[in-house]
Amino acid sequence: MESVLERLDRVNVDSFKEAVVSGAWSADPFALARLPLSVSAEIGDLVYLTARAARVTRAVDFATSVGTSLICLAAAVRDNGGGLVIGSELVPEKVDAARRNVAAAGLGEYVEIREGDARETLADVGGPVDFAIVDGFQATDSSWTAEGGTSLALDVLRLLVPQLRSGAVVVNDNGEPDYLAYVRDPVNGFRSSWIPLLPRHAREARGPLADGMGRLPADAGLMALMPEVPGLELSVRC
C-alpha cells in the first residue's frame, strides 16, 4: 500500500505543476482526465489517522480521482476491523485508474467505486456514514459556483447530511466559500475549523510551480480558487 501511495503522490505533485505551468487548468473535469489533482500525501495521512481514531467503518469519498484518498480511508476501515468506503468519480479514465490503484494496494474488498455525478451516485450509501471527504470541482474557470448557484461541494454535503451519523467527520480541502459558510453556521449542525496543512507541492514552490503561479495575473481564475492558507476544513456532525 505504501508504495502505491508514494507513487501516486509523485504523480500528483507533477500534475499540479503541469496544470499551473502549462495553463491546463479547466472547469471541465474531462479535460483534466490524465491529471490526478488529488489530495496531498499530508492530507491523506490526516484522513487515515482521523478515520482510524474515529473507528470509521462506513465512509464516502468524493471526488475519488485516481484513488489516493480512497486508499487512505480504506486502510483505516481495514484496520478498524472492516467496513466499506464508497467512492464517487465522474471521469471514466479516473474510475479505471482508481480501481487499479485500489487493487494494487490490496484494499479492493473494502471499496466500492460508483461512476457518475455524485449528486446521483451518493443519494443512498446504504447506511449511516462515519466519515466523508467532500472535495468537488469548480463550476467555472474562476469560481466554485455558477452564477446564482451553489458549489458542487455544498450540493453533495447537503445530500449526505441526512446520512451522517452524530459524530461523523467531514473534510474538505478546497475551501469553497458557500461550503465553509454552511459548516461554520451552528444552525446546520456542525462544529468546524480550518486546519492549516502545507502540502509538498506547496513546499516545493521555489521551483516550476512557483514560477508558473508567479506569472499568473492577480485576477487569474486559478488564483480565485486557492484557499488563503493551505489546509483543510475539518467538521464534526453534532
Side-chain angles (χ1 to χ4, degrees), residues 27 29 38-40 42-44 46-65 69-70 72-73 76-77 80 83-90 114 116-140 142-197 224-238:
S38 302
V39 300
S40 67
E42 294 79 3
I43 287 179
L46 186 57
V47 164
Y48 170 83
L49 294 169
T50 307
R52 182 76 172 91
R55 305 295 300 174
V56 168
T57 60
R58 181 175 294 271
V60 169
D61 178 45
F62 160 72
T64 289
S65 185
S69 49
L70 191 68
C72 295
L73 274 175
V77 165
N80 286 337
L84 182 65
V85 182
I86 297 172
S88 180
E89 173 55 50
L90 182 65
R114 300 178 179 181
D117 188 325
R119 290 167 292 191
E120 299 173 0
T121 61
L122 300 179
D124 181 0
V125 298
V129 175
D130 304 314
F131 195 109
I133 296 174
V134 181
D135 186 26
F137 216 78
Q138 73 263 30
T140 73
S142 60
S143 175
W144 292 109
T145 60
E147 185 175 355
T150 54
S151 69
L152 183 55
L154 181 56
D155 290 345
V156 172
L157 177 64
R158 284 174 167 164
L159 182 71
L160 291 174
V161 162
Q163 305 180 75
L164 296 174
R165 70 165 175 84
S166 177
V169 177
V170 184
V171 300
N172 163 282
D173 74 337
N174 289 330
E176 294 91 337
D178 62 349
Y179 177 98
L180 297 181
Y182 184 91
V183 295
R184 292 174 182 177
D185 186 341
V187 73
N188 293 317
F190 289 92
R191 294 292 299 271
S192 194
S193 182
W194 186 261
I195 310 298
L197 193 65
L225 300 172
M226 295 293 180
E228 292 184 12
V229 179
L232 80 164
E233 186 78 3
L234 192 150
S235 310
V236 174
R237 182 70 170 156
C238 298

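- Side chain of Ser235 to main chain of Arg191: no donor-acceptor pair is present (N/O by atom type, distance under 3.5 Å, no hydrogens or angles).
- Contact detail for Pro29 and Ala27: the closest heavy-atom pair is CD-O, 3.3 Å.
- Listed here is the closest heavy atom pair of Glu233 and Ser192: OE2-OG, 2.6 Å.
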- Working for side-chain contact (heavy atoms from CB on, under 4.5 Å), residues Asp135 and Asn174: CA-CA 6 Å; Asp135 186 26; Asn174 289 330; 2.9 Å; yes
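- Atom OG in Ser88 sits 12.5 Å away from atom CD1 in Ile133 (nearest 0.5 Å).
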- Item | Thr150 and Asp178: CA distance, side-chain angles, deciding distance, side-chain hydrogen bond (donor to acceptor under 3.5 Å, both in side chains) verdict | CA-CA 7 Å; Thr150 54; Asp178 62 349; 4.8 Å; no
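- Judged purely by distance below 3.5 Å, without hydrogens or angles, the side chains of Asp61 and Ser69 pair a donor atom with an acceptor atom.
- Atom-to-atom distance recorded for Ser65:OG and Leu90:CG is 11.5 Å, nearest 0.5 angstrom.
- The side-chain hydrogen bond (donor to acceptor under 3.5 Å, both in side chains) search around Arg165 returns Asp130, not counting sequence neighbours.
- Note that Arg58 lies outside the cation-pi zone of Phe131, set by a 6.0 Å cut-off to the ring centre and a 45° limit from the axis.
- The nearest pair of heavy atoms linking Leu160 to Ala132 is CD1-CB, 4.1 Å.
- In this structure, CG on Asp124 lies 9.5 Å from CG on Leu159, to the nearest 0.5 angstrom.
- Using a 4.5 Å heavy-atom threshold, the side chains of Val170 and Leu157 count as touching.
- You'll find the side chain of Val77 reaches within 4.5 Å of the side chain of Val56, heavy atoms only.
- Judged purely by distance below 3.5 Å, without hydrogens or angles, the side chains of Glu176 and Thr145 never pair a donor atom with an acceptor atom.
- A search for side-chain hydrogen bond (donor to acceptor under 3.5 Å, both in side chains) contacts involving Thr50 returns nothing, not counting sequence neighbours.
- Nearest heavy-atom pair across Asn172 and Ala153 is ND2-CB, 4.0 Å.
- Residue pairs meeting the salt bridge (charged side-chain N to carboxylate O under 4.0 Å, His left out) criterion with at least one partner in residues 149-164, sequence neighbours excluded, are Arg119-Asp155.
- Atom CD1 in Ile43 sits 4.0 Å away from atom CG in Asp173 (nearest 0.5 Å).
- Panel note: side chain Glu89, backbone Ala63; no donor-acceptor pair is recorded below 3.5 Å.
- With Arg237 contributing its side chain and Leu164 its backbone, the two residues share no donor-acceptor pair below 3.5 Å.
- Rounded to the nearest 0.5 angstrom, Leu73 CG and Asn80 CG are separated by 10.5 Å.
- With Leu122 as the partner, the side chain to side chain contact (heavy atoms under 4.5 Å, CB included) test is satisfied by one option alone out of Val129, Val134, Ile86, Asp117: Ile86.
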- Task: Test Val47 against Val39 for side-chain contact (heavy atoms from CB on, under 4.5 Å), laying out the working first.
- Result: CA-CA 10 Å; Val47 164; Val39 300; over 6 Å; no
- Item | Chi angles and distances behind the side-chain contact (heavy atoms from CB on, under 4.5 Å) call for Phe62, Thr121 | CA-CA 10 Å; Phe62 160 72; Thr121 61; over 6 Å; no
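- Considering CG of Leu154 and OH of Tyr182, their distance stands at 7.0 Å, rounded to 0.5 Å.
- Using modelled atom types, no side-chain atom of Glu42 and backbone atom of Leu197 make a donor-acceptor pair closer than 3.5 Å.
- The two residues Gly231 and Trp194 have their closest heavy-atom pair at C-CZ2, 3.4 Å.
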